[in-house]
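Contents: one structure, followed by commentary.
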Amino acid sequence: MTKSLNSNFKRQRRNQKSAQELVDGILSGNKADLAQGITMLESSKPEHHRMADEIINGCLPHSGKSIRVGITGVPGVGKSTFIEAFGNHLIEQGHKIAVLAIDPSSQKSGGSILGDKTRMETLVRKEEAFVRPSPSKGSLGGVAKATRESIILCEAAGFDFIIVETVGVGQSEIAVRGMVDFFLLLMLAGAGDELQGIKRGIMEMADALVITKADIEEKTKVKAAMTEYKNAMHLFPPHESDWIPVVSSCSAISGEGIEKINEIIGSYANTTKLNGFFDKNRTRQDLKWMEERVNELILESLKNKNGFQEKSNELATKITQGKISPFRAAEQLLKDLNIT
Ligand SMILES: Nc1nc2c(ncn2[C@@H]2O[C@H](COP(=O)(O)OP(=O)(O)O)[C@@H](O)[C@H]2O)c(=O)[nH]1
Ligand SMILES: [Mg+2]
């Protein structure tokens, strides 16, 4: 059997759909097809790349009609539990919500995936919700890329409220900030921000800072923390959106303050749509996305060039033997391949 016959046979046997079939399924709101489409985006197999591109292109004209919200905060602060409560509230309001996650730490432990899904127990069973944990493989860059593309697919499937959960440590916030409209930081009343490991830069990116677990903290403590954070937020330069970040509190267990957060996000969307920032921000994100995609395509075409692997191996050996500097080797590689 030839190779292509063999792979056709395999595809049929596994009942795997074509890109067009998946796009049609996604556009009709089929969650199984959406899940399979996202699996293609996350795949590192070169034979899936073309299919992923076709799916994205098929979905793009039907995307964009949602509000995209990023949620961050240190592990254990209560993000997933919040999303469970908030998501159920949104569904009651008539929304369809998709939850995506970027959690670089879950790649090592693999544990938080299960944790997150069990924290969203009622949400995952709802027809109007789609919950997708962080991919368990790949670099932060790769995971972030897949998440950005997954947003497009979710929107094409009719989800009008997209939530991206990320862990409040390291680079993943910046990646998420670059793909959402609104950025929400969850904090606790008890601990100071140093203790909570939240960097100033993350606080500065937030459109709202919400103190959660208000049910287990004394009211006075929650109030004091809110005042403290309000004062701290005042010291940051004003947001380009002209939006003044809001400090609020909630409990994902009692439901107190959950509705208010939806109002805050609604008010943000109104304000920034009126003053033009909403669209400006999305356009800027699109331009950045294009830039990243160009870099990716250049790299891909370069690596597909004849002799790339051999030359690259040859030079690697020379570096190991101390015969050439890494800097020179990189230049040499491009020269040998006739690129510079
Ligand atoms: N009392 C109370 N506990 C909460 C609340 N939100 C989360 N928790 C608990 O805090 C722990 C961590 O929550 P989780 O949502 O997994 O945090 P994440 O790591 O930020 O996603 C769990 O045991 C939750 O039950 C809340 O509003 N009130
Ligand atoms: Mg979580």
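Atoms considered below: every heavy atom in the structure, side chains included; atoms not considered: hydrogens, waters and symmetry mates. All ligand and atom numbering here is 1-based and tracks the order in the structure.
Ligand 1 lies out of reach of Ile83, whose nearest heavy atom is not under 4.0 Å from it. Between Gly73 and ligand 1 there is no heavy-atom distance shorter than 4.0 Å. Heavy-atom separations between Glu84 and ligand 1 are all 4.0 Å or longer.
For ligand 1, none of its N or O atoms has an N or O atom of Pro75 under 3.5 Å away. Polar contact with ligand 1: present for Gly78 (N/O pair, distance under 3.5 Å). Checked against a 3.5 angstrom limit, the closest N/O atoms of Ala252 and ligand 1 fall inside it.
Using modelled atom types and a 3.5 Å distance limit, the side chains of Asp24 and Gln20 yield a donor-acceptor pair.
At most 12 non-hydrogen atoms from other residues, nucleotides or ligands lie less than 6.0 angstrom from NZ of Lys260.
When the ring pair (Phe, Tyr, Trp, His ring centres under 6.0 Å) test is applied to Phe278, no partner is found at least two apart in sequence or on another chain.
Proximity of Asp215 to ligand 1, defined as any heavy-atom pair under 4.0 Å, is confined to the side chain (atoms from C-beta onward). At a heavy-atom cutoff of 4.0 Å, ligand 1 is contacted by both the backbone and the side chain of Lys79.
Glu42 pairs with exactly one of Arg148, Lys145, Arg132 by the salt bridge (charged side-chain N to carboxylate O under 4.0 Å, His left out) rule, that one being Arg132.
No donor-acceptor pair under 3.5 Å is formed between the side chain of Glu256 and the backbone N or O of Ser251.
Across the listed options Thr212, Thr81, Leu188, Thr81 owns the non-hydrogen atom lying nearest to atom 24 (C) of ligand 1. Taking each of Glu217, Met120, Glu256, Arg119 in turn, the one with a heavy atom nearest to atom 23 (O) of ligand 1 proves to be Arg119.
Of all the N, O or S atoms in Glu165, the one closest to the Mg ion (ligand 2) is OE2.
Taking all atoms of both residues into account, the shortest heavy-atom contact from Met40 to Ala52 is O-CB, 3.8 Å.
The Mg ion (ligand 2) has an N, O or S atom of Ser80 under 2.8 Å away, backbone or side chain.
Here is the list of ligand 1 atoms found below 4.0 Å of a heavy atom in Val74: 20 (O). With ligand atoms numbered from 1 in the order given, ligand 1 contributes 21 (O) to contacts under 4.0 Å with heavy atoms of Glu165.
Put simply, Leu297 and Leu41 are part of two different groups of oily side chains (I, L, V, M, F, W, Y) that touch within less than 4.5 Å, one to the next.
Rounding to the nearest 0.5 Å places OG of Ser267 at 11.0 Å from CG of Asp207.
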Which atom pairs, one a donor and one an acceptor, fall under 3.5 Å between side chains of residues 85-92 and the rest of the protein, sequence neighbours left out?
unit_1: Asn88; atom_1: OD1; unit_2: Lys126; atom_2: NZ; d: 2.5
unit_1: Asn88; atom_1: ND2; unit_2: Glu84; atom_2: O; d: 2.9
unit_1: Asn88; atom_1: ND2; unit_2: Thr122; atom_2: OG1; d: 2.8

